[in-house]
There are 2 protein chains.
Amino acid sequence: MAKKENQNIADSTEQKIFDAAHEVFVQKGMDGAKMQEIADRAGINKALLHYYYRSKDKLYEAVARAVIGRAAPMISQLIESDKPLEEKIRHFIEIYISIISKNPFIPLFIISEINKHPDHFFEKILPAELPKPQIFIRQVEEEIAAGRIRPVNPKHLVINIVSMCVFPFIAKPMARFALGLNSAELKIFLEERKVQVTEFVLASLRP
Amino acid sequence: MAKKENQNIADSTEQKIFDAAHEVFVQKGMDGAKMQEIADRAGINKALLHYYYRSKDKLYEAVARAVIGRAAPMISQLIESDKPLEEKIRHFIEIYISIISKNPFIPLFIISEINKHPDHFFEKILPAELPKPQIFIRQVEEEIAAGRIRPVNPKHLVINIVSMCVFPFIAKPMARFALGLNSAELKIFLEERKVQVTEFVLASLRP
DNA sequence: GTCTATAAAGGGATAGAC
DNA sequence: GTCTATCCCTTTATAGAC
């Protein structure tokens, strides 16, 4: 397991193609991505793309599946733990915004592609185990019954939290424009949201 | 101003083309849209598209500019009125969700296209007068100073409200899947959000 | 103004040499 | 495995008849 073997895995042509395809597909979507651009970015030519992945469809499928396959378990883990509700909410918002900060194109990629090619996505790409918020919802109901939080519809609460975490990242350019922020200020603003969203949610839940 | 003249405006070939292009571009984006499909949907042939609009780019630009030009003033009007804060928030959420319900593809269209072609959008499409939330922000600060609402960062409040209104619509398929709703149930759920989001926000603002 | 036919460009895929 | 050259289908755009 010397350098040679590691290199075969990490810097292999197949991996370079996959990484390049990942970048391009995630930023431009299936329709906007061009095989030529992927080849250029990988530093090889179009023919090699077809050598490793038979077609554009296959390459796209590999990328899309990897994106979903990476995102889904992280979210499941967050939601399905057995921590107390407040801690879970704090933790969820913190981690969720951190992940998106590091992968800012992923949410829009998933949403756009599901909207444009829903059948393809739900049949071929989505793994069986997309995170389900049932446990979280039951937990909210228990807290309400015990009078520890204000009565709210738990499904709407879930959507509210996810909306506030995700939307600002996919609407970044508009947010910059509307709030009059430069690039650095926007970065700070998005980081602040960890605290701001958490406080906003917990304040709304107080009985 | 008999039928003939009205028809020249509303049912003119140019208008039919524009309407068809609007549908297709908004649903599929610049890259996904095909001139053939637009021609078919307008009930004419491809050559006529080029007769009225010189190129696909030009046609897209016309559509995009119209979409933005229609959306921006509605939002400005909502934000810049001089109603009391609580009433403004209630009104904003109500109207905003209603508009999006009727035009479910518009938000994702705007967001996707800005992300894919940011230069193009900010140079050519965006009108000078995109809604600015300054008035709303000042209003929030006054309410905080008077002790009538809990201290919150007003910029984050704006983003929170918009996020909760818009995001569920652009993430519809995922919401359906995650919450286990069928098409009819989702429609009810989204309608419920007018009340749910309003309550959620106002509860969070109580001192 | 509207059509048919066709040119021209773009982009995915393959053949075959090395 | 990797490259060059090329094929061929799709899609945009134009020419020219009516």
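Per chain, numbering begins at 1; letters A, B, ... match sequence-line order.
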Taking atom [atom2] of [N] as reference, at what distance in whole Å does atom [atom1] of [X] sit?
X       : N      : atom1 : atom2 : value
A:Lys46 : C:dA15 : NZ    : C1'   : 14 Å
B:Lys16 : C:dT2  : NZ    : P     : 8 Å
B:Leu49 : C:dT4  : CG    : P     : 13 Å
B:Glu14 : C:dG1  : CD    : P     : 9 Å
A:Ile17 : C:dA13 : CD1   : P     : 14 Å
B:Asp40 : D:dT10 : CG    : C1'   : 14 Å
B:Lys34 : D:dT12 : NZ    : P     : 6 Å
B:His50 : D:dG16 : NE2   : C1'   : 16 Å

Specify whether A:Phe167 and B:Phe167 have parallel, tilted or perpendicular ring planes, treating 30° as the upper limit for parallel and 60° as the lower limit for perpendicular.
->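 Perpendicular, since the angle between the ring planes exceeds 60°.
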Counting only N and O atoms by type, is there a donor-acceptor contact under 3.5 Å from the side chain of A:Lys56 to the main-chain atoms of A:Ala33?
->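 Answer holds: yes.
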So [X], base contact, sugar-phosphate only, or nothing? Heavy-atom distance under 4.0 Å.
X       : result
A:Tyr51 : base
A:Ile44 : sugar-phosphate
B:Ala39 : nothing

Heavy-atom pair with the smallest gap, counting every atom of B:Val67 and B:His22 |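 Nearest heavy atoms, B:Val67 then B:His22: CG2-NE2, 3.4 Å.
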Of the listed nucleotides ([options]), which one gets closest to any side-chain atom of [X]?
X       : options               : value
A:Ala47 : C:dA15, C:dT2, D:dG1  : C:dA15
B:Met35 : D:dA13, D:dA15, C:dT2 : D:dA13
B:Asn45 : C:dT4, D:dT12, C:dT2  : C:dT4

When you check the gap from the basic side-chain N to the acidic O, do B:Arg138 and B:Glu142 get nearer than 4.0 Å?
->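 Not counted as a salt bridge, because no side-chain N and carboxylate O are separated by less than 4.0 Å.
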Hey, which of A:Glu113, A:Glu37, A:Glu23 is the one that makes salt bridge (Lys or Arg N to Asp or Glu O under 4.0 Å) with A:Lys28?
->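 The passing option is A:Glu37.
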OP1 or OP2 of D:dT12 under 4.0 Å from side-chain N/O of B:Ser55 =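 Checking B:Ser55 against D:dT12: no side-chain N or O falls below 4.0 Å of OP1 or OP2.
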